[in-house]
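What follows is a set of notes on a single structure, which appears directly below.
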Amino acid sequence: MSVRKLKPITPGQRFRVVNGFDAITTDKPEKSLLAPKKRSGGRNSQGRMTMRYKGGGHKKRYRVIDFKRNKVGIPAEVASIQYDPNRTAFIALLNYQDGEKTYIIAQNGLQVGQTIVSGENVAPEIGNAMPLANIPLGTIISCVELRPGQGAVMARSAGAFAQLMARDGKFATIKLPSGETRLILVTCMATIGVVSNSDHQLLVSGKAGRSRWLGRRPRTRPVVMNPVDHPMGGGEGKSSGGHPRSRNGIPAKGYRTRSKTKASNKYIVERRKK
């Protein structure tokens, strides 16, 4: 994977860094795995704006992703690596031997023509999905389930990965991308390897219009608002501000909002770094 810095032939291209897309093998998605995607523009069922700074953007179709990887023991060939407008990672189209086609999140190093499989007694190779009970300790994993059969919910974005640290009884200890170390049942599935498109963090949009294409509207800084709109608003000239906090008055830096009585606290071995 690579990135390209464009020549500054227009003001919007002066600082722009784009993805090289050298891992992408086709630009035609599989029609049977496409679904319509409705836009809300940040409005609720009454038509009122409940989420600010959303709206517009290019029309998209959703790619139906198989996060469960529950076709156990059936080998699948990687037909293509594709771009997905709904996520930062690339996706891979699989052709199973029984004729079914599915999309999965692509891992770094996944090649067209490669055969991958999910199940308990499979080799811990890139792209293969298996329960945490069968993965060797120290292995880099991604697309991790939180509850058995739920489907992958953790370490799914571009360049993300977790690490299997230890196993004790029915729990495995996982170090997550946030730095948190937590216990997860060994019957949960995970995929071997790092999520693709790890260069995503190096991209530079170059102009405000690219954010509009992605459905992001301009964000108003709280400091320039009036006191009625935000706790950090008001004041003459540049004397406004105060302690950084949200619109509801919750401090933004260092303030812990997680409930001390939350049921899942007992599964967290070490909190994420501040």
Side-chain angles (χ1 to χ4, degrees), residues 3-19 37-60 62 84-89 153-160 175-182 195 197-265 268 270-274:
V3 293
R4 291 190 299 125
K5 196 170 189 321
L6 302 185
K7 289 185 177 179
I9 58 173
T10 64
Q13 286 191 4
R14 179 166 298 280
F15 302 107
R16 188 168 169 207
V17 179
V18 298
N19 203 315
K37 191 176 180 193
K38 195 178 178 216
R39 290 180 172 275
S40 68
R43 273 73 174 170
N44 65 4
S45 59
Q46 296 176 307
R48 293 185 177 154
M49 186 188 288
T50 54
M51 185 62 65
R52 297 174 294 170
Y53 319 130
K54 279 191 175 187
H58 200 287
K59 192 172 183 180
K60 301 173 186 174
Y62 183 73
D84 187 350
N86 305 295
R87 63 192 73 250
T88 54
V153 293
M154 295 182 289
R156 293 185 349 186
S157 59
K175 191 172 176 60
L176 296 173
S178 64
E180 178 178 296
T181 305
R182 126 173 226 130
V195 179
N197 196 18
S198 50
D199 288 334
H200 174 76
Q201 60 180 353
L202 304 175
L203 304 186
V204 180
S205 67
K207 63 179 185 178
R210 270 189 66 77
S211 290
R212 299 304 296 255
W213 298 345
L214 297 174
R216 300 177 193 143
R217 298 182 63 225
R219 183 174 168 272
T220 307
R221 291 174 300 126
V223 170
V224 301
M225 295 181 186
N226 290 320
V228 69
D229 299 315
H230 203 281
M232 294 170 65
E236 292 291 326
K238 292 199 171 181
S239 63
S240 64
H243 294 295
R245 54 187 64 240
S246 75
R247 198 179 188 188
N248 302 326
I250 299 170
K253 297 185 176 179
Y255 184 75
R256 293 196 169 184
T257 57
R258 186 177 171 91
S259 169
K260 291 179 181 177
T261 58
K262 195 158 184 170
S264 59
N265 280 344
I268 297 175
E270 186 181 353
R271 288 265 322 225
R272 63 187 173 91
K273 306 296 182 288
K274 284 187 181 178

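Computed from a prediction, not measured in an experiment: that's the story for all the values here. Throughout, numbering of the chain's residues begins at 1 and tracks the sequence.
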Contacts of type side chain to side chain contact (heavy atoms under 4.5 Å, CB included), residue [X], not counting sequence neighbours:
X	value
Ser40	none
Gln13	Leu6, Ile9, Thr10
Thr257	Ile250, Tyr255
Pro227	none

Quiz item: For Asn19 and Asn197, does a side-chain donor sit closer than 3.5 Å to a side-chain acceptor?
Solution: yes
Quiz item: Under 3.5 Å, is there a donor-acceptor pair linking the side chains of Asn265 and Lys260?
Solution: no
If I compare all heavy atoms of [X] with all of [Y], which pair ends up nearest, and what's the gap?
X	Y	result
Val3	Asp199	CG1-CB, 3.7 Å
Val195	Ala155	CG2-O, 3.5 Å
Arg156	Ala160	N-CB, 4.4 Å
Arg212	Pro218	NH1-CD, 3.3 Å

Quiz item: What residues form a side chain to side chain donor-acceptor pair (under 3.5 Å) with Ser45, not counting sequence neighbours?
Solution: none
Taking [X] for the side chain and [Y] for the main chain, is one N or O donor matched with an acceptor at less than 3.5 Å?
X	Y	result
Asn226	Val228	no
Asn44	Gly47	yes
Ser240	Gly235	no

I want to check something: taking the side chain as every heavy atom from C-beta on, are [X] and [Y] in contact at a cut-off of under 4.5 Å?
X	Y	result
Ser157	Met154	no
Leu176	Arg182	yes
Arg16	Val204	no
Pro85	His58	no
Thr220	Met225	yes
Lys60	Arg39	yes
Lys253	Arg245	no
Asn86	Lys37	yes

Quiz prompt | Arg43, CZ: over 12 other non-hydrogen atoms inside 6.0 angstrom | solution = yes
Quiz item: Should we count CZ of Phe15 as having more than 12 external heavy atoms under 6.0 Å?
Solution: no
Exercise. Determine, step by step, whether Arg271 and Arg258 satisfy the side chain to side chain contact (heavy atoms under 4.5 Å, CB included) criterion, reporting the C-alpha distance in whole Å, the side-chain angles of both residues, the deciding distance to 0.1 Å, and the verdict.
Key: CA-CA 11 Å; Arg271 288 265 322 225; Arg258 186 177 171 91; 3.8 Å; yes
Self-check item: Residues which pass salt bridge (charged side-chain N to carboxylate O under 4.0 Å, His left out) with Glu270, listed by chain and number, not counting sequence neighbours
Solution: Lys273
Please report the interatomic distance [atom1]([X]) to [atom2]([Y]), rounded to the nearest 0.5 Å.
X	Y	atom1	atom2	result
Ser205	Arg216	OG	CZ	8.5 Å
Arg4	Leu202	CZ	CG	14.5 Å
Tyr53	Arg219	OH	CZ	6.0 Å
Lys54	Met49	NZ	CE	11.5 Å

Practice problem: Please lay out, stage by stage, how Lys207 and Trp213 fare under the test side chain to side chain contact (heavy atoms under 4.5 Å, CB included). | Solution: CA-CA 11 Å; Lys207 63 179 185 178; Trp213 298 345; 3.8 Å; yes
